[in-house]
Amino acid sequence: MIDVRLLTQPFNPGQFVGPFTHAHPGLGGVCTFVGEVRGEDGVEALELSHYAPLTLPGMEALAARAASRFDLMGMMILHRTGVMLPGEPIVCVSAAASHRRAAFEAVDFAMDHLKSDSWFWKREKRGGVWTWIEPRGQDHSDLARWD
Amino acid sequence: MIDVRLLTQPFNPGQFVGPFTHAHPGLGGVCTFVGEVRGEDGVEALELSHYAPLTLPGMEALAARAASRFDLMGMMILHRTGVMLPGEPIVCVSAAASHRRAAFEAVDFAMDHLKSDSWFWKREKRGGVWTWIEPRGQDHSDLARWD
Amino acid sequence: MFLGRLADVAGTPEREVAAGPLAEVLADLPASLAIALLDERVRVALNGELVRAVETIVLEQGDELAFLPPVSGG
Amino acid sequence: MFLGRLADVAGTPEREVAAGPLAEVLADLPASLAIALLDERVRVALNGELVRAVETIVLEQGDELAFLPPVSGG
């Protein structure tokens with residue numbers, strides 16, 4: 001099962017991961033990563049904007065690519081847009097597979113691609129001032145691991 | 001926060017992962033792996049036995065080792081014992097960290113050690129007959145990755 | 001449409017422009033914005049589809065052009 | 001105590017034995033069980049603590065000896 005969603009409101013990852021897991025009974029294992037807005041360095045809020053015609057189709061293509069590359073039974077990608085506060089989930093990626101390593105690698109693969117090969121733009125608010133976050137060199141070297 | 005438990009009854013991983021995540025607000029990310037009893041190859045049931053004086057202390061030491069090695073904010077290890085049916089969770093490992101890769105590696109590390117460096121013995125029932133599962137060579141080579 | 005930090009440079013997320021070749025459209029914009037849009041890392045989408053040969057774009061009535069700076073998601 | 005598949009070889013998960021050196025305890029067991037317990041991959045715990053120098057063990061009244069075959073968890 002491929003389940004990809006853009007969410008505009010705060011969400012509880014467990015409410016999605018439970019049904020996703022139950023959709024694949026006897027599966028072996030599920031690896032899940034949940035990324036949250038960090039509270040460090042005085043960050044007051046984070047905003048993610050996207051470009052609707054490209055963002056969701058891009059995530060769907062990414063999930064399909066990961067599912068076939070890692071021989072998954074299912075993949076779920078949930079991604080927030082809009083303004084988020086520290087502690088709120090930004091992204092939740094789950095992979096269900098017969099084999100543990102495949103599930104890990106698929107989630108790692110999807111996260112690296114969401115970071116620097118998907119259509120999201122991020123800015124942070126500190127001391128009342130919004131600043132755009134530029135992609136980091138680290139993100140691109142993470143991505144190159146999968147070539 | 002280190003949270004390590006042996007569970008004797010079926011459990012819902014989400015009921016533990018949610019509170020574990022909320023115990024580390026603004027954390028960066030949480031990686032979770034849930035392993036389930038596979039339904040393939042005619043497996044009717046799985047039984048895990050353990051040796052109480054060593055098993056839980058060994059899991060606690062493992063969690064503490066992972067937490068310091070990967071600079072975690074928290075680690076949770078839940079492991080079933082007793083008889084389980086296909087689709088029931090056997091193990092749930094979560095790592096909370098500021099950095100995504102650390103969380104992934106800590107869960108991978110803990111799973112490899114639970115597989116072949118912890119005090120559990122596993123047998124499967126097929127066609128009404130119980131058979132002990134021997135450790136696989138793959139498990140030991142997985143473990144050697146961390147030396 | 002201007003995505004990400006380009007919306008700040010433009011001072012707005014969207015702007016109406018006259019139809020015509022892209023070079024003419026850019027020439028009508030403030031110089032600092034035109035320079036930001038021509039950054040080689042900025043991708044361009046016409047009506048929701050990425051365009052490789054940006055210099056060939058000729059806008060018609062109702063077309064939507066989007067300027068997409070380097071992303072930073074996850 | 002016999003863990004894992006050793007419980008099947010022993011026909012029981014636990015067995016009472018007389019006090020004395022380990023060699024004497026093993027000599028009183030069925031040969032097939034004694035051989036399985038002496039497998040170099042079987043670890044031994046005395047009162048819940050792993051013992052390295054197994055040949056030095058002398059059981060006293062109330063001691064608990066556990067034979068632990070190779071594990072297969074997770």
Side-chain angles (χ1 to χ4, degrees), chain A residues 12-44 46 73 84-101 103-112 114-115 138-139 141-142 145, chain B residues 12-44 46 73 84-101 103-112 114-115 138-139 141-142 145:
Chain A
N12 176 356
Q15 289 185 343
F16 294 89
V17 175
F20 172 74
T21 302
H22 292 135
H24 306 95
L27 46 75
V30 176
C31 181
T32 300
F33 179 79
V34 175
E36 294 189 355
V37 181
R38 291 210 185 97
E40 63 198 12
D41 303 332
V43 172
E44 294 156 16
L46 187 78
M73 302 171 80
M84 288 156 269
L85 302 176
E88 285 184 25
I90 305 171
V91 60
C92 173
V93 176
S94 282
S98 293
H99 298 287
R100 171 163 54 101
R101 185 112 323 118
F104 272 92
E105 289 189 346
V107 176
D108 203 12
F109 174 90
M111 282 300 306
D112 279 342
L114 286 169
K115 277 274 175 193
Q138 169 84 43
D139 293 335
S141 59
D142 285 350
R145 295 189 305 144
Chain B
N12 176 354
Q15 290 186 343
F16 294 88
V17 175
F20 172 74
T21 302
H22 292 135
H24 306 95
L27 46 76
V30 175
C31 180
T32 299
F33 179 79
V34 175
E36 295 190 355
V37 181
R38 291 210 184 99
E40 62 197 13
D41 302 333
V43 171
E44 294 156 15
L46 187 78
M73 303 171 80
M84 288 155 269
L85 301 177
E88 286 184 26
I90 305 172
V91 60
C92 173
V93 176
S94 281
S98 293
H99 298 287
R100 172 163 54 101
R101 184 110 328 116
F104 272 92
E105 289 189 346
V107 176
D108 203 12
F109 175 88
M111 282 301 305
D112 279 343
L114 286 169
K115 277 274 176 193
Q138 170 83 43
D139 294 334
S141 59
D142 285 350
R145 295 188 306 144

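Computation of the quantities below employed the complete heavy-atom set of this structure, encompassing side-chain atoms and omitting hydrogens, waters and symmetry-equivalent molecules. Predicted model only: the values in this text are computed from it and were never measured.
Under the rule for a ring-ring contact (aromatic ring centres under 6.0 Å, His included), the partners of Phe109(A) that lie at least two apart in sequence or sit in another chain are Phe70(A), His113(A), Trp146(A).
Of the two parts of Val37(A), only the backbone, made up of N, CA, C and O, holds a non-hydrogen atom closer than 4.5 Å to a non-hydrogen atom of chain B.
Interface check for chain A: of the options Val17(B), Val43(B), Val30(B), the most heavy-atom pairs under 4.5 Å are formed by Val30(B). With chain B as the partner, the residue from Ser94(A), Ser98(A), Ala103(A) showing the most heavy-atom pairs under 4.5 Å is Ser98(A). With chain B as partner, the option from Pro89(A), Gly18(A), Gly28(A), Gly29(A) having the largest number of non-hydrogen pairs under 4.5 angstrom is Gly28(A). With chain A as the partner, the residue from Val93(B), Asn12(B), Asp108(B), Val107(B) showing the most heavy-atom pairs under 4.5 Å is Asp108(B).
Within the 4.5 Å cutoff, the side chain of Val91(B) has no heavy atoms near those of the Arg100(A) side chain.
Put simply, CZ on Phe104(B) and CZ on Phe104(A) are 8.0 Å apart, with the number rounded to the nearest 0.5 Å.
Screening residues 22-39 of chain B for salt bridge (Lys or Arg N to Asp or Glu O under 4.0 Å) gives Arg38(B)-Glu40(B) as the qualifying pairs, with residues at least two apart or on separate chains.
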